[in-house]
Amino acid sequence: EAGVAQSPRYKIIEKRQSVAFWCNPISGHATLYWYQQILGQGPKLLIQFQNNGVVDDSQLPKDRFSAERLKGVDSTLKIQPAKLEDSAVYLCASRGSADTQYFGPGTRLTVL
Amino acid sequence: AQSVSQHNHHVILSEAASLELGCNYSYGGTVNLFWYVQYPGQHLQLLLKYFSGDPLVKGIKGFEAEFIKSKFSFNLRKPSVQWSDTAEYFCAAGAGGTSYGKLTFGQGTILTVHP
């Protein structure tokens, strides 16, 4: 079974630039999550989708972050404009019928 | 508010030593508990999980964890660690029942095992 795919794996940008991350979940998984993991901390949920609908985006900084999952499969997370404090690893996870999340390798973002 | 606290930021052991990593949670209602591991250069992987039933759960690679409801704890144990157990370990909690599985993570514990 293929795992959760993410790209790019690394990204370096200047502050105030925009960036986008892509995630393809495990086939058939209806629930998709985006987490932010700042160095030295555990992952923090940014947004959760059930199929193509948003379930929870309470911790998403909506003035600069946006995410979509238009066809209920893959998803993109965008930051515009980026700030220094957005430097982190962005993790995508998916979940099927069981209550277990499977994580992708993450995208490491460095904002200079 | 839900929270998960891991007691140790960095644990250093020699091979064959016993391991116990502490995890406490604050959650209203039924809770599902998880331990994830992240080996160097790899992604987060599930070690074990507790949903209900026997409070002593066994996971992969000889790890086990005990759910103690009265102490709001879910400590991870291994009787004899190996060099290959060097990794970062995360405890996580999610609401049980029919939730969509949102997880709250602890801050992680880095385990270094010396050969």
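In what follows, every heavy atom counts, from backbone to side chain, and hydrogens, waters and symmetry copies are set aside. Chain A is the first sequence line, chain B the second, and so forth, proteins listed ahead of strands; every chain is numbered from 1.
Per-residue heavy-atom pair counts under 4.5 Å with chain B were compared for A/T100, A/L91, A/V89, A/V4, and the maximum is reached by A/T100.
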Acceptor/donor pairs from residues 72-84 of chain A side chains to any protein atom, 3.5 angstrom cut, sequence neighbours excluded:
| residue | atom | partner | partner atom | Å |
| --- | --- | --- | --- | --- |
| A/D74 | OD2 | A/W22 | NE1 | 2.9 |
| A/S75 | OG | A/W34 | NE1 | 2.9 |
| A/S75 | OG | A/E68 | O | 2.8 |

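Residue contact with chain A, scored on non-hydrogen atoms closer than 4.5 Å, is absent for B/I110. Of the two parts of A/Q6, neither the backbone nor the side chain holds a non-hydrogen atom closer than 4.5 Å to a non-hydrogen atom of chain B. Looking at B/L44, both its backbone and its side chain come within 4.5 Å of chain A, counting heavy atoms on both sides.
The distance from atom CD of B/Q107 to atom CD of A/Q37, rounded to the nearest 0.5 Å, is 12.0 Å.
Annotation: side chain of B/Q45 is not in contact with side chain of A/Y102 (no heavy-atom distance under 4.5 Å). When side chains are defined from C-beta on, A/Y33 does not count as touching B/L103, because their heavy atoms never get closer than 4.5 Å. Side-chain contact between A/Q59 and B/K102 is present, with heavy atoms from C-beta onward closer than 4.5 Å.
With a 6.0 Å radius and a threshold of 12 heavy atoms from other residues, nucleotides or ligands, A/K62 has its NZ atom above the threshold. Other residues, nucleotides and ligands contribute at most 12 non-hydrogen atoms within 6.0 Å of the OH atom of A/Y10. Heavy atoms from other residues, nucleotides or ligands lying under 6.0 Å from CZ of B/F72 number 12 at most.
When the side chains of ILVMFWY residues are joined at heavy-atom separations under 4.5 Å, either directly or via intervening members, B/L13 and B/L76 end up in a single hydrophobic cluster. B/L46 and B/F90 fall within the same hydrophobic cluster, where Ile, Leu, Val, Met, Phe, Trp and Tyr residues are linked whenever their side-chain heavy atoms come under 4.5 Å apart, directly or through other members.
Every pair passing side chain to side chain donor-acceptor pair (under 3.5 Å) that includes a residue from residues 15-24 of chain B is listed here, sequence neighbours excluded: B/H7-B/N24, B/E20-B/N75.
Of all heavy-atom pairs spanning B/H43 and A/F103, the tightest one is CD2-O, 3.2 Å.
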